[in-house]
2 protein chains.
Amino acid sequence: MSAELKGASTLPEAIDLSHHLSVVARNRVVSPLKNLAKYFGRPGMISLAGGLPSPAYFPFDSVKADILNYDSYTPKPATESQGPLSWILSLFSGNDSSSTIPITVPKYPEHPDDVNLASALQYGLAKGIPQLQQIIAEFTATIFRPGYSNHTIQLHVGNTDGWAKIVSTLCNPGEGILVSEWTYPSALETTNPLGISPVPVSMDGQGMNSAALREVLSGWDEAARGMPRPHVMYIVPVGQNPTGATMGAQRKQEIYDICVEFDVIIVEDDPYYFLQEGPYVHPTQRYSNVKQTDMSDDQYIASLVPSFLKFDYQGRVVRLDTFSKTIAPGSRTGWFTCNPIFAERFERHAETSTQGPSGFSQVLITKTLISWQATGYLQWLKGLGVEYTRRRNYFIDGLLDKFHLELASTPQTLFPGSVRYIASDRSGYFNEKGSRKPLFSFVPPSSGMFVWLQFHFEDHPKFKELGEETLEMQLWIKLAEGGLLIGPGNMFAANKSASSASYPGHFRISFSNAEDNDLTKAIDIFAKVVKKFHEDARIVLE
Amino acid sequence: MSAELKGASTLPEAIDLSHHLSVVARNRVVSPLKNLAKYFGRPGMISLAGGLPSPAYFPFDSVKADILNYDSYTPKPATESQGPLSWILSLFSGNDSSSTIPITVPKYPEHPDDVNLASALQYGLAKGIPQLQQIIAEFTATIFRPGYSNHTIQLHVGNTDGWAKIVSTLCNPGEGILVSEWTYPSALETTNPLGISPVPVSMDGQGMNSAALREVLSGWDEAARGMPRPHVMYIVPVGQNPTGATMGAQRKQEIYDICVEFDVIIVEDDPYYFLQEGPYVHPTQRYSNVKQTDMSDDQYIASLVPSFLKFDYQGRVVRLDTFSKTIAPGSRTGWFTCNPIFAERFERHAETSTQGPSGFSQVLITKTLISWQATGYLQWLKGLGVEYTRRRNYFIDGLLDKFHLELASTPQTLFPGSVRYIASDRSGYFNEKGSRKPLFSFVPPSSGMFVWLQFHFEDHPKFKELGEETLEMQLWIKLAEGGLLIGPGNMFAANKSASSASYPGHFRISFSNAEDNDLTKAIDIFAKVVKKFHEDARIVLE
């Protein structure tokens, strides 16, 4: 997988973004030993300088794993066959242990450049082992095609850690960060205690709205807001958490241009990038059988929405990638892609906090990717996309089975421009205008793990009595008591008070983890509880 | 390994140390979902709340390792035999691959409580997997015997990360932290950029001097110092970095009592705890062959200097332990032991930064410790102690071979109360009083990885011309050009200007990592360069 950066050149020196560095980041020193680095790599040099244990005392002689084949989730023609013997064939195919590949990482390698435990389990560079660095650098260049050539990779221990390092490096107490009005709560749990406040921007079906962003920035009144105009944006552009919204190329270009105009750094937290599922198609119209796994590598890469990196000619994008959704969350391994100045500061920060990711994680991921090769890893990612598409469809098909779903006839204010389904009770009441009373509505996500439901509590019999916020929590508790846990919308509001006031009654449902039979049970519970929630109230009132 | 806490009771409620929490730590929220936790563990509950990938898509079917036997570094009578066939026997013993033990961690376990990848590679608790939590809790109670029963364990990703979390949790910008006058530079690289300054306390042969500590605290002048009296101490009490000093029980009691008096939290960073080597004995007097590996578990535990935890009846000690020196640095796994209030804050911090240690690290360490069992791990630790003792002796014996070493006749001001060796050139000049001119001196460490050399540049021919600081750097460069890297003393000074002014000319030498032949070469280079450094200057001057 060679880096393809035709036309990309190094960042112009005239563009200097170092004024974005926080006071803390400016004060981080380079270790004095680094100034003496010219002596370090000399052949034959004996070092008694570091406080290193002897690798002889690492109790691991080797670490091994049985890994799945990269095509484990590529649908096989054999298993799709409907012939009379297909059930027998299926017994001998698919994801059984015989289809795994053994990998081994020895303590002492045959060749000094081979992945090995003596190096990876020793104190090492915060930027990670060189083999993993190289694989990630080539992968990033090939897939995300950053707009300049000297973009830099720096490992971190997961995007949550990456975001914490970015906040420390770019933000001072008393500042604000631009976020989508509904956003990942953990991102704010990182910033809030530091005295860094969210500045919510309205969303639509593609996530953050560019006109709303411009309005926030152009009309910024420092005195009224009590803080300077934000210079950092946090955004989850694909399969957004919690709304599931995915931002297309044009919107990204618009937002990038606004960030150039107002000198904003874009932090692109993109864990769901490879869970791009395409639009949800009603089962009766699901004609095409073309899957991501049928595509060539080039077709697949071209089918993915572009990263903000692709538009970045000024080095103002810090992209966060993670192996959490493509390998495993417990790997605690991910990486920054950004300009070299920020990357160097992230490395200094890592040296005095996390250091590099676990050596076990690094060698096992590296060896897996070496075993699969680049095209094998792409095949694995394609397979994941197909699998999550299947799960997304399974869940929404299940809703379709339990509720009357119809397409919204007019664009909704919340998510204009997107296909929105309105769900009502099949046997339910009609309202005064003769149309069905909507229970909830949602935009089927084209990426990620989440369906974001908006309840139409205004038609709930107790709406005026209780208010939407109380109804949201009451429904959540009824669902939990019925045996189903989902995410209450309020916890994702960037501005708890304002968002609650404008439109409470949201829930985030994740279709990524539960198996089909549990999803079926969950939809049953959901349908029963939601219908009863409205009916009970009606009965009480009548 | 059962917890032995006879007589220890829970912390009295009257002792509330929460006023030590930083502004940031107070502002860290508990995730809203935690308030709904009563619904989470219910049997049969289906959760679509979390953004979790399916474990089916973790490509690791199993992770395995070949681990060394716990007695790999226990000296075997067979290999020590000097009989005619001993060389043949030695071919079949020792640390070869046939003596390893295979361990396996499956994705899906046979029993739900077994260590497994489906849980450990999923998003998990920041406090780590329950099996590792339990092992560490029992180990901590057994070895360190904290003075109260409700001490709490919380995992971190290495002591560097642990210290960073402590600083964020306990310190506000503008405060000072008490440190030894020579200290681990990375600890200050964490605090300095945050506007938290080191307050150095003088040391002696046992590390931080208690009288000096009292003087600093009792005489604190907030106005003159420009900051409030420090309420946090950072200390490496065993095999101190860089001086190698180890603090005994009485000194620890004195320091603890002073910290009670002045309401100081003690952060005990103790990575070298299990590298306790005992006093260095001149080879001609090395009669005893009793090694740590000959001791019973109880004898071994009793032979170790007590942790500050043992004196802690108020919950004011935060202890940092790590697997970096006992398993491998690349494991990036360690733990806090402290009062429950601080532990809860560390957990909240981890949830918005590192999360728990790598799942691969956790399962491989856990499975190793389960395989070895508690007494096996103690045997492993005893073996490490013996190994590092051998390395310490090998290095100092080497110095003895190259220099004239004699015991200081009077206690030195720097390290009173310790055995100090003064090294001079065997064929060197005598000074005016007829005694040999000292080149350098050192206290042989009784723990850890480091020998701390103090050069006596006052006898150097160019002392008056160049000054000690320049001589230190010139000697460092001569050594590097000769092929040997060691740690320049100045980088370990808590207060660069003051310490340089009082006694520069220190070097830290680590004997922990290099193999014997490299140590021999290193001592050769060291002896030649040091002698030449003095002679060349003399020739030029004469």
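Source: prediction; values computed, not measured. So you know, we letter chains A, B, ... as the sequences are listed, proteins then strands, and number each from 1.
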| task | Take B:Met45 and A:Leu485 through the test side-chain contact (heavy atoms from CB on, under 4.5 Å) and record every step on the way to the result. | result | CA-CA 7 Å; B:Met45 184 72 91; A:Leu485 291 178; 3.7 Å; yes
| field | CA sep, side-chain torsions, deciding dist, call: A:Leu364, B:Phe60, side-chain contact (heavy atoms from CB on, under 4.5 Å) | value | CA-CA 9 Å; A:Leu364 286 167; B:Phe60 295 92; 4.0 Å; yes
| said: Walk me through whether A:Gln122 and B:Asn513 qualify under side-chain contact (heavy atoms from CB on, under 4.5 Å). | reply: CA-CA 10 Å; A:Gln122 188 54 279; B:Asn513 178 259; 3.5 Å; yes
| task | Could you check B:Thr160 against A:Gln355 for side-chain contact (heavy atoms from CB on, under 4.5 Å), going step by step and ending with a plain yes or no? | result | CA-CA 8 Å; B:Thr160 304; A:Gln355 306 199 21; 3.1 Å; yes
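Other residues, nucleotides and ligands contribute over 12 non-hydrogen atoms within 6.0 Å of the CZ atom of B:Phe395. Heavy-atom neighbours of B:Phe511 CZ from other residues, nucleotides or ligands within 6.0 Å: above the threshold of 12.
Contacts of B:Leu519 with chain A are made by side-chain atoms alone, with heavy-atom separations under 4.5 Å and no backbone atom involved. With a threshold of 4.5 angstrom between heavy atoms, A:Thr354 approaches chain B through its backbone and through its side chain. Only the backbone of B:Pro357 comes within less than 4.5 Å of a heavy atom of chain A; no side-chain atom from C-beta onward does. Proximity to chain B is limited to the side chain of A:Arg391, based on heavy atoms less than 4.5 angstrom apart. Heavy atoms closer than 4.5 Å to chain A are found in both the backbone and the side chain of B:Ser331. Heavy atoms of B:Phe450 lying under 4.5 Å from chain A belong exclusively to its side chain. For B:Ser324, the parts sitting under 4.5 Å from any heavy atom of chain A are the backbone and the side chain alike. In this structure, chain A has heavy atoms under 4.5 Å from both the backbone and the side chain of B:Ala522. For A:Leu384, the part lying near chain B is the side chain, with the backbone staying farther off; criterion is any non-hydrogen pair under 4.5 Å. B:Trp372 touches chain A through its side chain: at least one heavy atom from C-beta onward sits under 4.5 Å away, while N, CA, C and O do not.
When each of A:Asn517, A:Asp524, A:Asp518, A:Ile486 is checked for a side-chain contact (heavy atoms from CB on, under 4.5 Å) with B:Ile46, only A:Asp518 meets the rule.
For the atom pair CD of B:Gln362 and CZ of A:Arg332, the computed distance is 10.5 Å after rounding to the nearest 0.5 Å. Here the straight-line distance linking atom NZ of A:Lys107 with atom OG1 of B:Thr100 works out to 10.5 Å at 0.5 Å rounding. Put simply, OH on A:Tyr39 and CH2 on B:Trp476 are 6.5 Å apart, with the number rounded to the nearest 0.5 Å. Once rounded to the nearest 0.5 Å, the distance linking CD1 of A:Ile101 with CG of B:Asp61 reads 11.0 Å.
Within the 4.5 Å cutoff, the side chain of B:Ser54 has no heavy atoms near those of the A:Glu387 side chain. Put simply, the side chain of B:Tyr70 does not reach to within 4.5 Å of the side chain of A:Pro59, judged on heavy atoms. A:Ser510 places none of its side-chain heavy atoms less than 4.5 Å from the side chain of B:Leu52. Within the 4.5 Å cutoff, no side-chain heavy atoms of B:Ser72 are placed close to those of A:Tyr57.
A donor-acceptor contact closer than 3.5 angstrom links the side chains of A:Ser358 and B:Ser361. For the residue pair B:Asp66 / A:Ser62, a side-chain donor-acceptor distance below 3.5 Å is found, with atom types taken as modelled. For the residue pair A:Glu351 and B:Ser186, no side-chain donor N or O sits within less than 3.5 Å of a side-chain acceptor on the partner.
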